[in-house]
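A note on names: the letters A, B, ... follow the listed sequences, proteins ahead of strands, and every chain is numbered from 1.
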Number of protein chains: 2
Amino acid sequence: METITSAANSRIKRLCALRQKSRERRKEGVFLIEGQRLCQDTPDKFLQEFYITQELLSEVSGKASGSNQFADRIRQWEKKTFVITNEIAARISDTQTPQGIFAVVSQPSYTKEQILDFDVPLYLLAEDIQDPGNLGTIFRTAEAAGVSAVIMSRGTVDVFNPKTIRSTMSSLFRMPFLYVDDLGEEIRVLRQRGVRVYAAHLGGKRIYTEPDYTGACAFLIGNEGNGLREETARLADEKIIIPMQGQIESLNAAMSAGILMYQAAMERRPKW
Amino acid sequence: METITSAANSRIKRLCALRQKSRERRKEGVFLIEGQRLCQDTPDKFLQEFYITQELLSEVSGKASGSNQFADRIRQWEKKTFVITNEIAARISDTQTPQGIFAVVSQPSYTKEQILDFDVPLYLLAEDIQDPGNLGTIFRTAEAAGVSAVIMSRGTVDVFNPKTIRSTMSSLFRMPFLYVDDLGEEIRVLRQRGVRVYAAHLGGKRIYTEPDYTGACAFLIGNEGNGLREETARLADEKIIIPMQGQIESLNAAMSAGILMYQAAMERRPKW
């Protein structure tokens, strides 16, 4: 294992750029993950390099082979592991208490054909979601609800943002997703293929529990501050509403998405 | 209006302490809010003082009376408004782009008697929720779902934390809540009063859509990392589970709470 002690090292500079800039991540087709749990759960085929602090490495090296999944993984990947100092870890990290382990990972990516290729699909369509935590929660809930794929407008926050990754957990490696330039066009394509598109909308006439979601369908969720653009909402088959008591204006975007996805999930459940 | 130009001013030091320390907030029985929206939505009875930047004040002063709710409010509260510099605003603010308006606000508080005094109540019981954003989302969703009150273990994050306030929106002023030293004891009291307590639990036998939530009931939600303590879960009438597909271990705590609260809300809806 090579040891890196200077923050000016070009590898370290690259890691900082990968953390901060979606442009850098896109250019290289990789992203940075942090923490034992994520580094352990990432499938082998995505892993490229590990960066571990001397402190954590010593701790891990003491574990008997077979006794600790994370330790075993680091041993397996020894040739692609770099040892770093705590100071460098603090510089690379997105959190205030770095866990001492980072990995450079390939971005999972899917073609339009793969995204369309499901029997009786359930899609989540997101327009311009801005909060990385919300997007991460949507991915994690989507996996649990058995959603086929998440389709996002280009204006949606980068799913490889460190904050999104923290809240998706490892769902990011399992939930198919696609960014599209024209979400409206995508809605048209889905409808032509028999997918019924429901827009979550405060002006919806039907309550979300009324439709039958056991067929091919999609939920369309708008931006946190402004909801869906009218021209996007108009392209859906139907607007549905989540009724609200009290005086709040809207639910959190991830919460709305989750409530809808679980409504569909439970209707579809006999077929799980 | 008095103008404050020094960050060393004792009023400004107090605001910083109120932002950072739950102990200071508790001692004074007040908290700090930030942003036009929240300052506008806070009921008069809770307001104590406003702090506004010279820049925002000039903008607001230009609005004709009656044309802008926020401008009208600042005019009304003129005698309890202090003018501050952008530098001071940056120091007081919890965000990277301060909105230039802050208020010191009394903490809403409720007695045990008030919390118990509902016909056919629906409670959300939270054990040691740590993420301020999760707690805020729980409050906001609880209001929308018609929850009677949120009851929290003492180990739950402070609801007057600036991050919680941002995600509760103004629900904080409308949703009754209580911190209790012994959540188990509270569960016993509720059950004695005929409230059926459902623990959200990965070991639950019944699926969450099966029980009838139209009677007096409560959902018990655990901590983000560890779920409910076994000794707390055991005190519930029943453990219920939100089924999950895929490989994730659990849903986000606020999401679990929201899915359960909306399940109950929709069953109760004919009576809204």
Over 12 non-hydrogen atoms of neighbours within 6.0 angstrom of [atom1] in [X]:
{"X": "Arg268(B)", "atom1": "CZ", "answer": "yes"}
{"X": "Arg91(A)", "atom1": "CZ", "answer": "no"}
{"X": "Lys239(A)", "atom1": "NZ", "answer": "yes"}
{"X": "Gln69(B)", "atom1": "CD", "answer": "no"}

Would you indicate whether the side-chain heavy atoms of [Y] and [X] approach each other to under 4.5 Å?
{"X": "Asn252(B)", "Y": "Arg140(A)", "value": "yes"}
{"X": "Ile207(A)", "Y": "Arg269(B)", "value": "yes"}
{"X": "Tyr262(A)", "Y": "Met244(B)", "value": "yes"}
{"X": "Thr141(B)", "Y": "Leu251(A)", "value": "yes"}

Selection from Pro243(A), Gly246(A), Ala254(A) maximising heavy-atom pairs under 4.5 Å formed with chain B: Pro243(A)

Interface residues of residues 214-221 of chain B facing chain A - non-hydrogen atoms under 4.5 Å apart: none

Part of Thr209(B) within contact of chain A (heavy atom distance under 4.5 Å): side chain

Proximal component of Arg174(A), with respect to chain B [non-hydrogen, under 4.5 Å]: side chain

Among the listed options Gln245(B), Glu143(B), Met266(B), the residue most often paired with chain A at heavy-atom distances under 4.5 Å: Gln245(B)

Best-contacting candidate, Ser171(B), Ser250(B), Ser167(B), against chain A by heavy atom pairs under 4.5 angstrom: Ser250(B)

Approximate separation, where rounding is to 0.5 Å, of Ile248(A) CD1 and Thr168(B) OG1: 10.5 Å

NZ/NE/NH1/NH2 to OD/OE distance under 4.0 Å, Arg37(B) and Glu249(A): yes

Audit row: Met255(A), Thr137(B), side-chain contact (heavy atoms from CB on, under 4.5 Å) steps and yes/no: CA-CA 8 Å; Met255(A) 184 59 74; Thr137(B) 302; 3.7 Å; yes

